[in-house]
Amino acid sequence: MEVGILHVVASKPALQAVDPAVLGIPRRYRRSTSLWSDSTDRWSLSSQVFALVVLMLLVVVVPVWGMSLRAAEESARNEAIARARSTAETLADSPWVIAAVNSPDPTAALSGAVAQIQADNNLDFIVVMDTDGTRWTHPDPTQIGRVYLGSIAEAVQGGVVVEEYLGTLGRSVRVVTPIVSEGRTIGLVAAGVLMDSVQRISQERSLQLLAITVASLVLGTLGTWAITRRIHRQTRGLGPLGLGRLYSYHEALLHSVRAGLVLVGRDGTVVLCNDVARELVGTPQVRPGQPVADLWLDPELSELMSSGRECDGETIVEDGRVLVVTQVRAILDGEDLGWVTTLRDRTDLVRLTGELDSARSFGEMLRSRAHEADNRLHTVIMLVEMGRTAEAVELATATIEQSQVLVDAVTGAVRDAPLAALLLGKSAQAEERGVSLRLAPDLDVPDTGVAQRDILVVLGNLIDNAIDAAATGDEPRWVEVGGSVERTNGHVAVRFDVADSGPGIPPEFVGSAFQRGWSTKPHGEPGLRPQGRGLGLSLVAGTVRRLGGTIEVTRAPSRFVVRLPLPGAGDEEREP
């Protein structure tokens, strides 16, 4: 999302003038990480992850392979013992073996059959012997008749001997069992496997384990490489220190920038929202992953931020604030990351612009009055020179009395000085346009405690619209301003009433009159106007809604009635 953030804090020409080497992105993105790393951050995060995972594989797999080798050797030895024991016990219990032992020539009776059984059971030797160890059979015919090498005492007593011993064929693992007939041991059977055979089987299994281990290491390394390549792309090749600095700068930027900043993902959910944005949209709790449509925004702003439509400096009124919205897509290397919405509060600027327009109109009025006063002064002087002093005094005092009557009427009915000044200024502005601004008989406004700028926004815009409407209507052209404090069911509110002689808002457009952009200007059919028009009533509606007030619109004559609850009044009546 770096592209979107940079768009907020710098213009395109400024970004084009910055050397890409200082923006902190890897060379493959035609930028350098020098801003985000130092000499202790030489390995990127992906490289460190790759090295750590490969090291972990080695630490885990190599000991497991060693233990598997020991297990394979032990398993081969146990299998050899089990095979030898099974064969020896089977032969010792066989009737034909007992019969051969009891025959006059056991060697002749046993040799052929025992050799076949030895081959069938994959044994290296089977020796049938007398109880004193004299061999009747042996794989080496020269050993027949000689004494068996190994332990047989336990077997002679009816037990089983299992041992590893160095015999005539070499070191072997062997099992010796007794041949019992009528409760008496008449001979012994020894079966065994040479240790060379056991080690050969163990080595074969070790090679298989080694192949599996190497394959596991290779697959694990390849999988780790694939994962770290993805991490490398996602982290832009930055190391831990670079990512930490980037995060710190990112957080500092979001909280220090004076504009509201909202990052929206491709799925229309909030990725990030800074403090200024939460304040501007009036939503103190904005969670990452929350859909934009659930932020309780003005429908127009919600539609814009949900759609991802690009715009540059579009004006939207949100809860009495005039917001300038800029929205751009965030695209990096062809990948659409979502969009970035910046919100700038221009409410004060719009108010100051309105005050400047009023001051300019008042200045024009003063220049006009200066010419008028100059003419009257010359007239008074000429009347004095002509000796008609009574008429000169009458003309001079009439002008003063006319102005003083208006000032006395306004200051007597309105104790809020800025509001009184507003009415006097609007009176002069209306007179300049041929409209009579008159005060309603019930005008009686105390110092309400409502924020002065809010009252000036509400009443100033309503009077301006009324003067514009009356100026386009038929004679007589007038605007009437009323106001008082109302007490209803223990609740106290200040009411402002602005009526005019203009044509009024058509009934079918009453519901649309408070939308941003709605206007009856320029002349023609009322409706939505281009950007920059129709802000007055939308500002009024937003301010009244924020203060918890109400607006009523009637016709014949056109009349706007606004009621604003007095702050701190509660259920107690507030004295005017």
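All values derive from a computational prediction rather than experimental measurement. Atom set for the values below is all heavy atoms of this structure, side chains included, hydrogens, waters and symmetry mates excluded.
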Check: Checking side-chain contact (heavy atoms from CB on, under 4.5 Å) for the pair Leu459/Val498: CA distance, chi angles, key distance, verdict?
Finding: CA-CA 8 Å; Leu459 198 56; Val498 179; 3.7 Å; yes
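Atom CZ of Arg559 and atom CG of Asp497 lie 4.5 Å apart (nearest 0.5 Å). In this structure, the separation between CG on Leu343 and OG1 on Thr326 is 9.0 Å, given to the nearest 0.5 Å. Rounding to the nearest 0.5 Å places CG of Leu564 at 8.0 Å from OG1 of Thr550. Taking CG of Leu217 as the reference point, atom CD1 of Ile212 lies at 12.5 Å (rounded to 0.5 Å). In this structure, CD1 on Ile463 lies 7.0 Å from NZ on Lys426, to the nearest 0.5 angstrom. Atom CG of residue Leu437 and atom CG of residue Asp500 lie 11.0 Å apart, to the nearest 0.5 angstrom.
Looking only at side-chain heavy atoms (C-beta outward), Val53 and Leu55 stay at 4.5 Å or farther from each other. In this structure, Glu552 and Phe560 have side chains that are not in contact, with every pair of non-hydrogen atoms separated by 4.5 Å or more. Taking the side chain as every heavy atom from C-beta outward, Val561 and Ile551 never approach each other to under 4.5 Å. Counting heavy atoms from C-beta outward, Glu480 and Leu439 have side chains that stay 4.5 Å or more apart. Ile331 is not listed as a side-chain neighbour of Leu337, based on a closest heavy-atom distance of 4.5 Å or more. Side-chain contact between Arg433 and Ile467 is present, with heavy atoms from C-beta onward closer than 4.5 Å. Under the 4.5 Å side-chain criterion, counting only non-hydrogen atoms from C-beta, Thr472 is not in contact with Arg477. Between Leu263 and Val270, every side-chain heavy-atom pair lies at or beyond the 4.5 Å cut-off.
Sparse packing is recorded around CG of Asp474, with 12 or fewer heavy atoms of other residues, nucleotides or ligands lying under 6.0 Å away.
A donor-acceptor pair under 3.5 Å is absent between the side-chain atoms of Ser427 and the main chain of Leu423, judged by distance alone. Under the 3.5 Å distance criterion, the side-chain polar atoms of Trp339 are left unmatched by any main-chain donor or acceptor of Ser306.
Checked against side-chain hydrogen bond (donor to acceptor under 3.5 Å, both in side chains), Ser558 has no partners two or more places apart in sequence or in another chain. For Arg266, there are no salt bridge (Lys or Arg N to Asp or Glu O under 4.0 Å) partners two or more places apart in sequence or in a different chain. Under the side-chain contact (heavy atoms from CB on, under 4.5 Å) criterion, Arg309 pairs with Glu303, Leu304, Ser307, Cys311, Glu314, sequence neighbours left out.
When every heavy atom of Val445 is checked against every heavy atom of Ser484, the shortest pair comes out as CG2-N, 4.2 Å. In terms of heavy-atom proximity, Gly482 sits nearest to Leu443 at C-CD1, 3.8 Å. Considering every non-hydrogen atom in both Val479 and Ala470, the closest pair reads CG2-CB, 4.1 Å. Contact record, Cys273 with Val262: SG-CG2, 4.1 Å, taken as the closest heavy-atom pair. In terms of heavy-atom proximity, Gly265 sits nearest to Val271 at N-CG2, 3.4 Å.
In this structure, Asp444 does not pair ionically with Arg495, as no charged nitrogen and carboxylate oxygen lie closer than 4.0 Å. With respect to Arg563 and Glu486, a salt bridge is recorded, a charged nitrogen being found less than 4.0 Å from a carboxylate O.
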